[in-house]
Each structure stands twice: as C-alpha cells, then as structure tokens.
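Worth knowing before you read on, the calculation uses all heavy atoms, side chains too, and leaves out hydrogens, waters and symmetry mates.
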Amino acid sequence: MADSDEWDDRSHGTGTFNSTLVSAPYPVAGRPSVRLGYVTHYRQEGDQKGRVLVSFDRGRSKVVKVYSADAVAKVESVPVTVPAGATRMTVRFRYYDADNNWYWAVDDLRVS
C-alpha cells in the first residue's frame with residue numbers, strides 16, 4: 001500500500017511522494033512469455049502516476065502497464081514477453097509524483 005495522503009499528513013520536505021514496491025525475482029528460464037497477475041486498488045487524482053515495470057536478470061526496467069484512471073478491486077492479467085536467455089524477472093510497482101492524493105494497493109501477485 002502506497003498512500004500519499006497519509007504521507008502528506010506528516011511533516012516532510014518539499015517535493016512529491018514517490019514509492020516503489022519491488023518483488024523477489026521470479027524464475028523465467030526457458031519461457032517465451034509469462035503472465036503477470038495481481039489485484040489492484042488504484043485511485044487517480046492530480047498528476048500522480050502509477051506504472052508496473054519488469055526487468056530481467058537485473059537489467060533495465062520496461063513499463064508493462066500504466067495507470068491514469070481509477071482501477072479499484074480490479075484483477076489484472078498482463079502478458080510479458082521474456083527475452084531469450086533471461087533467467088529471472090523482477091516486478092516493480094511504481095507510484096510517484098503524488099501529493100496528498102489517493103493511494104495504490106496491490107495484492108495477490110502471481111507470475112504464471
């Protein structure tokens with residue numbers, strides 16, 4: 001759960017709320033693709049951004065899903081192409097540029 005409203009209720013410096021949830025690595029060796037599944041509770045307000053990113057074998061992250069509108073109690077299923085030779089995939093949920101806005105909660109992450 002990333003909650004910029006709770007963050008703003010506390011004393012903080014200038015700038016906006018930025019949070020990233022990083023998964024443990026998932027094995028993907030020998031697979032041409034995987035499906036990323038999770039439940040999202042995303043509430044959009046203002047200029048905040050929500051992105052789901054994946055990286056393989058500690059390489060550069062790639063955006064696989066963008067949030068710019070409410071997605072409350074929504075079950076997501078995102079196809080992800082696995083690069084040849086990749087052995088592990090890490091998932092990142094990045095919630096940023098938020099300022100006393102709503103929140104983003106993620107649950108039941110699965111890679112299949």
Using 0.5 Å steps for rounding, measure from the [atom1] atom of [X] to the [atom2] atom of [Y].
X      : Y     : atom1 : atom2 : result
Asp3   : Tyr95 : CG    : OH    : 7.0 Å
Tyr38  : Phe93 : OH    : CZ    : 5.5 Å
Asn18  : Lys49 : CG    : NZ    : 9.5 Å
Ser112 : Arg31 : OG    : CZ    : 8.0 Å
Ser23  : Met89 : OG    : CE    : 7.0 Å
Ser61  : Phe56 : OG    : CZ    : 10.0 Å

Inset, instruction - For residues 68-88, pull every pair meeting ring-ring contact (aromatic ring centres under 6.0 Å, His included), keeping only residues two or more places apart or in separate chains. - result: none
Legend entry - Counterpart residues, side chain to side chain contact (heavy atoms under 4.5 Å, CB included), relative to Lys62 (two or more places apart): none
Only distances under 3.5 Å count here; give the side-chain donor-acceptor pairs of residues 77-87 to other protein atoms, sequence neighbours excluded, each with its distance to 0.1 Å.
{"residue": "Ser77", "atom": "OG", "partner": "Arg35", "partner atom": "NH1", "Å": "3.1"}
{"residue": "Thr87", "atom": "OG1", "partner": "Asp57", "partner atom": "OD1", "Å": "2.7"}

Legend entry - Contacts of type side chain to side chain donor-acceptor pair (under 3.5 Å), residue Arg92, not counting sequence neighbours: Ser55
Inset, instruction - Can you sort out the partners of Arg43 under side chain to side chain donor-acceptor pair (under 3.5 Å), two or more places apart, ordered by chain and number? - result: Asp70
Legend entry - Candidate pair Arg51 and Tyr96, rule side chain to side chain contact (heavy atoms under 4.5 Å, CB included), full reasoning: CA-CA 9 Å; Arg51 306 282 186 266; Tyr96 61 106; 3.6 Å; yes
Legend entry - Sidechain-backbone polar pair: His41 side chain, Ala73 backbone, donor-acceptor under 3.5 Å: yes
Legend entry - Derivation of the side chain to side chain donor-acceptor pair (under 3.5 Å) call for Tyr67 and Gln44: CA-CA 8 Å; Tyr67 288 93; Gln44 176 69 38; over 6 Å; no
Inset, instruction - Consider only side-chain heavy atoms of I, L, V, M, F, W and Y, link residues closer than 4.5 Å, and tell whether Leu53 and Leu36 are in one cluster. - result: no
Legend entry - For the student: nearest non-hydrogen atoms of Ala69 and Tyr42, plus distance: O-CD2, 3.4 Å
Side-chain atoms of residues 102-109: list all donor-acceptor pairs with protein atoms under 3.5 Å, sequence neighbours left out, distances to 0.1 Å.
{"residue": "Trp102", "atom": "NE1", "partner": "Glu45", "partner atom": "OE1", "Å": "2.8"}
{"residue": "Trp104", "atom": "NE1", "partner": "Thr40", "partner atom": "OG1", "Å": "2.7"}
{"residue": "Asp108", "atom": "OD1", "partner": "Arg110", "partner atom": "NE", "Å": "3.0"}
{"residue": "Asp108", "atom": "OD1", "partner": "Arg110", "partner atom": "NH2", "Å": "3.1"}
{"residue": "Asp108", "atom": "OD2", "partner": "Arg110", "partner atom": "NE", "Å": "3.3"}

